[in-house]
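Numbering starts at 1 and runs along the sequence shown.
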Amino acid sequence: MTAQRQERYGFRPRIAAIALLASLSLALDLAPELTFARFAAHAATTERVVTNRFTGLAIDGFDPVAYFVNSVPVVGLREFEAWKHGVVWRFHNEGNRASFLAHPEVYGPQFGGYDPVDVARGVTVAGNPLFWLVVGERLYLFGFEANRDAFAADPQGFLAKASARWPALEQGLAQ
């Protein structure tokens with residue numbers, strides 16, 4: 001088979017994909033802490049809480065309480081984990097973990113961590129923990145910086161639309 005035909009029929013891309021999967025499998029074997037990802041990771045856009053598909057962690061392992069306490073995103077630590085809403089959450093310290101477990105509805109990202117601007121449009125797009133706002137003492141994550149800026153200009157308008165559409169969207173997400 002000529003190189004041109006191999007390209008045309010996808011021979012080389014398939015080999016590249018197989019090599020990528022093999023290297024990922026090897027990496028998981030070499031890093032036991034990631035083996036959990038093989039079994040529990042799900043696509044972030046099908047879960048009720050945004051979950052990293054490779055680690056199984058809610059909001060990419062960022063501490064949801066830190067947005068309120070530190071006013072910045074802080075990566076949680078493995079020693080301060082909790083299981084809530086079907087996913088693993090990480091926290092920077094035991095105090096943040098205890099606060100979250102006592103009031104997950106306050107500290108957890110609204111709309112399960114999905115971008116409220118997109119929820120207002122009727123679609124679920126995973127929020128990025130680095131694009132965030134605390135409005136009305138609730139945490140919102142956004143898929144894009146532009147969405148965060150638009151939301152900041154009219155939070156009540158977006159929240160009215162997103163709150164109206166969220167129940168139907170949430171029902172379509174996995175438990």
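- Proximity of Leu130 to Phe62: side-chain heavy atoms (C-beta onward) are separated by under 4.5 Å at one or more points.
- One distance of note links OG1 of Thr55 with CG of Asp60; it measures 6.5 Å at 0.5 Å rounding.
- Here the straight-line distance linking atom CH2 of Trp132 with atom CZ of Arg148 works out to 9.0 Å at 0.5 Å rounding.
- No continuous path of ILVMFWY side-chain contacts below 4.5 Å connects Val88 to Val74, so the two sit in separate hydrophobic clusters.
- A pairwise comparison of heavy atoms in Gly122 and Leu169 identifies O-CD2, 3.3 Å as the closest pair.
- If you look at Phe151 and Phe142, their ring centroids are closer than 6.0 Å.
- Leu57 has its side chain out of reach of Val87: every pair of non-hydrogen atoms, C-beta onward, lies at least 4.5 Å apart.
- Shown here is Glu137, whose CD atom has no more than 12 heavy atoms of other residues, nucleotides or ligands within 6.0 Å.
- What you find for Ile59 and Pro129 is that their closest heavy atoms are O-CG, 3.4 Å.
- Between Asp63 and Asn93, the shortest heavy-atom contact is OD2-N, 4.4 Å.
- Without hydrogens or angle criteria, Arg97 side chain to Glu81 main chain gives a donor-acceptor distance under 3.5 Å.
- Counting only distance, with no hydrogens or angles, the side chain of Asn70 and the backbone of Val72 share no donor-acceptor pair below 3.5 Å.
- Annotation for Pro167 and Ser163: closest pair CD-O, 3.2 Å, computed over non-hydrogen atoms.
- Asp115 places a side-chain N or O within donor-acceptor distance of the main-chain N or O of Gly143, the cut-off being under 3.5 Å.
- Transitive grouping of hydrophobic side chains (ILVMFWY, heavy atoms separated by less than 4.5 Å) brings Phe91 and Val69 into a common cluster.
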- Message: If you apply the rule side chain to side chain contact (heavy atoms under 4.5 Å, CB included), what do you find for Phe111 with Tyr140, and how did you get there?
- Response: CA-CA 8 Å; Phe111 306 113; Tyr140 299 94; 3.8 Å; yes
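- A pairwise comparison of heavy atoms in Leu77 and His92 identifies CD1-O, 3.6 Å as the closest pair.
- Counting heavy atoms from C-beta outward, Val50 and Tyr114 have side chains that approach closer than 4.5 Å.
- When side chains are defined from C-beta on, Tyr67 does not count as touching Leu133, because their heavy atoms never get closer than 4.5 Å.
- One distance of note links NZ of Lys161 with CZ of Arg121; it measures 9.5 Å at 0.5 Å rounding.
- When atom types are taken as modelled, the side chain of Arg165 and the backbone of Val119 share no donor-acceptor pair closer than 3.5 angstrom.
- Checked against the 6.0 Å centroid criterion, the rings of Phe100 and Trp89 qualify as a close aromatic pair.
- To the nearest 0.5 angstrom, Leu159 atom CG is 8.5 Å from Gln110 atom CD.
- Under the 30°/60° scheme for interplanar angles, the aromatic rings of Phe68 and Tyr107 are found to stand perpendicular.
- Atom CZ of residue Arg90 and atom CZ of residue Arg78 lie 5.5 Å apart, to the nearest 0.5 angstrom.
- Nearest heavy atoms, Gly112 versus Trp166: N-CZ2, 4.2 Å.
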- Begin with the C-alpha distance, continue with both residues' side-chain angles, and end with the deciding distance and a verdict on side chain to side chain contact (heavy atoms under 4.5 Å, CB included) for Glu170 and Arg48. CA-CA 6 Å; Glu170 185 179 31; Arg48 292 206 174 173; 3.9 Å; yes
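- For the atom pair CZ of Phe131 and CG of Leu141, the computed distance is 11.0 Å after rounding to the nearest 0.5 Å.
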